[in-house]
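In what follows, chains are A, B, ... by sequence order, proteins preceding strands, each numbered from 1. A quick note: this is a predicted structure, and the numbers were derived from the prediction, not measured. These values consider heavy atoms only, across backbone and side chains, with no hydrogens, waters or symmetry-generated copies.
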Number of protein chains: 2
Amino acid sequence: MTVGRVTIRDVAERAGVSTATVSRALSGAKPVSPAVLEQVTRAATDLGYSGNGIASALRRSRTDTVGMVVPSIANPFFTALVESVEHALQQAGRQLFLCSSRSDPAMEALRLRSLVARQVDGIVISPVHGTLSTEAVAWAAGQLPLVQVDRYVSGVTSDWVGVDDDAALRLVLDHLAGRGVRSAAFVSSTLTNSSTELRVAGFTAHTGRLGIDVAEVLLGDYSIDWGREATRRMLAAGPLPDAVVCADDLIALGVLQACAEAGVSVPRDVLVTGFDDIPYSALSDPPLTTVRQPQDEIAVEAVRLLSAALGTSRDSPAYTALTPSLVVRASTGGGSTRPR
Amino acid sequence: MTVGRVTIRDVAERAGVSTATVSRALSGAKPVSPAVLEQVTRAATDLGYSGNGIASALRRSRTDTVGMVVPSIANPFFTALVESVEHALQQAGRQLFLCSSRSDPAMEALRLRSLVARQVDGIVISPVHGTLSTEAVAWAAGQLPLVQVDRYVSGVTSDWVGVDDDAALRLVLDHLAGRGVRSAAFVSSTLTNSSTELRVAGFTAHTGRLGIDVAEVLLGDYSIDWGREATRRMLAAGPLPDAVVCADDLIALGVLQACAEAGVSVPRDVLVTGFDDIPYSALSDPPLTTVRQPQDEIAVEAVRLLSAALGTSRDSPAYTALTPSLVVRASTGGGSTRPR
DNA sequence: ACCATCCGTGTAATCGATTGCCTTGACGTG
DNA sequence: CACGTCAAGGCAATCGATTACACGGATGGT
């Protein structure tokens with residue numbers, strides 16, 4: 001019904017004071033007499049005044065809002081991360097403006113541009129691509145404080161906080177080796193961002209160290225469909241290796257589904273592992289062994305870094321790799337049961 | 001690095017024209033001579049000018065942004081809906097500002113207040129609660145165009161688009177009756193919003209019509225945990241009914257997990273159904289029979305209604321209930337296999 | 001040749017809140 | 001009693017972009 005916005009001027013008029021006083025009374029920036037405070041407060045509520053955040057933001061050149069850009073909000077790992085970040089920001093009295101880049105560097109650049117134009121106070125981003133994202137991310141980082149989470153792009157001076165991917169794959173492959181695995185395939189994404197690359201590198205390094213045969217490395221995208229598709233290809237090409245290691249849980253869930261369809265038993269015929277520990281990985285058939293990321297800590301640390309950057313000038317960038325842990329479930333034979 | 005923002009004035013100076021001309025050249029609001037356009041464009045890119053969306057929004061009193069408030073972004077149904085809405089908005093050249101109310105009416109009111117203060121052009125909301133959400137939603141609807149999706153609150157004059165919950169429960173219960181079910185329990189949420197209430201009502205009505213015995217109606221929240229908990233309670237109280245009907249897929253996934261833990265076989269001992277058809281419902285053990293919501297259509301229709309409301313003055317509100325469909329999987333015995 | 005248009009551009013008001021600076025009056029002190 | 005100090009509150013500039021209005025010059029119709 002848009003009742004012709006109530007402005008601070010209306011409130012001032014009704015309270016019989018100046019707009020300056022209204023502003024000070026409502027924001028508490030400077031003290032006002034109790035009587036005036038009462039008047040103003042009453043006038044404001046009477047009129048249903050809610051302020052104009054835009055005008056306020058223009059004048060103060062801050063919005064108390066931070067923007068966050070993630071590749072996908074359909075991926076439970078990112079939604080969990082977003083919730084954690086939102087929660088951490090709330091503690092700091094800030095709000096979150098969430099955008100999805102849909103794993104597309106062009107869309108990502110658009111989102112960043114728009115966030116900067118909207119004068120958010122800072123940005124939290126999990127960049128799509130290791131090189132295609134660089135330009136936009138670097139530009140944004142030059143305009144305002146920016147923290148990369150989970151993944152990072154090379155060539156940008158900014159903070160980063162994520163998980164130690166090498167340690168994660170060490171956990172996975174040590175576990176698999178302990179279960180007698182002699183050959184393994186890796187299913188991941190073609191995206192060449194840091195975490196994707198570090199996971200492949202970790203897979204290669206640790207299979208090498210343990211003398212595990214690398215059957216195949218298949219690259220597609222982070223989705224259930226790709227996990228299914230990759231499995232079908234492997235099955236068509238011949239017998240599966242002892243284990244299939246996946247770069248995230250969605251892929252792994254797809255692998256499990258394709259195995260079930262093909263009558264391949266997990267974990268009897270093949271072991272499968274995921275990455276992220278999304279809620280659904282405990283509910284699959286069989287439940288999935290996976291790497292748990294400390295996403296709450298990642299979020300808290302990211303917000304801390306951002307707040308620091310908002311205050312003072314830029315320090316040297318911080319690279320924080322947190323330690324992951326392994327959650328063992330039935331897809332690799334279960335906790336202590338079914339030793340291979 | 002914050003290089004002291006580049007303003008339109010800087011661009012104007014460098015291009016040797018007035019700010020008015022720069023504005024017109026860059027926005028294309030009015031034609032400028034080719035020579036000047038060239039000059040301005042060059043100056044803008046040289047300086048890395050990106051505009052100040054805040055100032056622009058203040059002057060034009062529109063932001064080309066719509067806000068969306070959902071109860072949870074951890075629920076895949078809502079993330080799918082959000083993605084659909086975002087996509088539909090993109091077609092219309094608008095952006096999405098996403099907020100989560102965490103199923104808390106107070107938080108929801110806060111979000112709405114903040115969206116209005118930020119001058120979004122319109123709001124898409126799936127309200128948390130049937131009565132506790134009313135005040136805030138009604139207030140927001142009075143300030144700007146607002147469309148409710150999926151659920152609605154009573155007493156607010158606004159458009160709504162969602163699914164026909166009664167038809168959905170008819171589909172579910174007809175299907176279960178066809179499988180020989182004589183008794184059923186319903187597991188849902190305590191939230192008294194429209195869809196929750198209509199689903200309970202539908203369950204009651206159609207069990208009555210079909211002569212199915214209502215074993216129990218358990219109310220908690222929309223989560224895997226609650227599904228698990230509810231199942232444990234039922235198991236503790238005695239034998240399960242022939243079927244457990246759940247108000248959403250998360251609850252149903254919890255039910256399946258608790259059954260598996262307790263050694264109760266689905267679908268041999270009990271049939272289980274969900275609601276929403278989230279991606280993970282196809283991957284559970286066993287895969288879940290569920291109601292598919294046409295969320296793409298819901299999103300498109302919501303955006304259409306919003307765009308209409310943005311243009312002209314308010315018409316009489318539209319209530320659009322779209323038709324759901326049933327996806328039959330193994331948790332009720334599968335498509336045509338395993339007849340009971 | 002004259003007047004009506006129209007196009008491109010500049011000037012300045014405007015959006016609504018915040019805030020530096022100043023005025024006013026009350027109070028305390030020497 | 002005169003003067004310094006201080007708190008409360010008003011005035012007006014300001015944030016940066018948009019746009020109504022004005023203006024000069026070119027074009028075209030008669």
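For the pair S33(A) and dG9(D), the criterion of a side-chain N or O lying under 4.0 Å from OP1 or OP2 is met. Phosphate contact (OP1/OP2 of dA17(C), side-chain N/O of T19(A), threshold under 4.0 Å): absent. Residue S56(B) has a polar side-chain atom (N or O) positioned under 4.0 Å from OP1 or OP2 of dT18(D).
Looking at I123(B) and M68(B), their side chains never come closer than 4.5 Å, going by heavy atoms from C-beta outward. Put simply, the side chain of Q143(A) does not reach to within 4.5 Å of the side chain of R113(A), judged on heavy atoms. Counting only heavy atoms from C-beta outward, the side chains of S154(B) and Y152(B) never approach each other to under 4.5 Å.
Between dT9(C), dA17(C), dG10(D), one nucleotide has an atom nearer to the side chain of Y49(A) than all others, and that is dA17(C). Considering only side-chain atoms of L58(A), the nucleotide from dG16(D), dT9(C), dA17(C) that sits closest is dG16(D).
Residues from residues 110-123 of chain B with heavy atoms under 4.0 angstrom of DNA chain C: there are none.
Residue-level contact check: G53(A) touches neither bases nor backbone, having no heavy atom under 4.0 Å from any strand. In this structure, V22(B) reaches neither bases nor backbone, as no heavy-atom distance under 4.0 Å exists between it and the strands shown. When heavy atoms are screened at a 4.0 angstrom cut-off, S18(B) is found touching base atoms of the nucleic acid. At a threshold of 4.0 angstrom between heavy atoms, the contacts of S61(B) with the nucleic acid are absent.
Separating the CG atom of L26(A) from the C1' atom of dG9(D) is a distance of 15 Å, rounded to the nearest angstrom. Note: CZ (R9(B)) to P (dA12(C)) measures 13 Å, nearest angstrom. Across the protein-nucleic acid pair, E13(B) atom CD and dA17(D) atom P stand 13 Å apart, rounded to whole Å. The nearest whole Å value for the distance from the CG atom in N52(A) to the C1' atom in dC15(D) is 13 Å. Rounded to whole angstrom, the span from the CZ atom of R62(A) across to the P atom of dT19(C) amounts to 10 Å. The CG atom of D64(B) sits 16 Å away from the P atom of dA17(D) (whole-angstrom rounding). dA7(D) atom P lies 18 Å from atom CG of L37(A), rounded to whole Å. If you take CZ of R60(B) and P of dG16(C), they are 15 Å apart, rounded to a whole angstrom.
T21(A) and S18(A) are linked by a side-chain donor-acceptor pair at a separation below 3.5 angstrom, with hydrogens and angles left out of the test.
Side-chain atoms of R24(A) and base atoms of dG10(D) include a donor and an acceptor less than 3.5 Å apart.
The backbone N or O of T63(B) sits less than 3.5 Å from a side-chain atom of T65(B), completing a donor-acceptor pair. A donor-acceptor pair is defined here as one N or O able to donate and one able to accept, closer than 3.5 Å; such a pair exists between the side chain of T45(A) and the backbone of R42(A).
Nucleotides of DNA chain D nearest to I54(B) and A20(A) differ in position, and the one nearer the 5' end is that of A20(A). When each of R59(B) and T21(B) is assigned the nucleotide of DNA chain C with its nearest heavy atom, T21(B) is the one assigned upstream, toward the 5' end.
Taking the ring centre of W160(B) as origin, the terminal cationic atom of R151(B) falls outside the region bounded by 6.0 Å and 45° from the ring axis.
Applying the side chain to side chain contact (heavy atoms under 4.5 Å, CB included) test to L37(A) and every residue at least two apart in sequence or in another chain returns A25(A), V32(A), T41(A).
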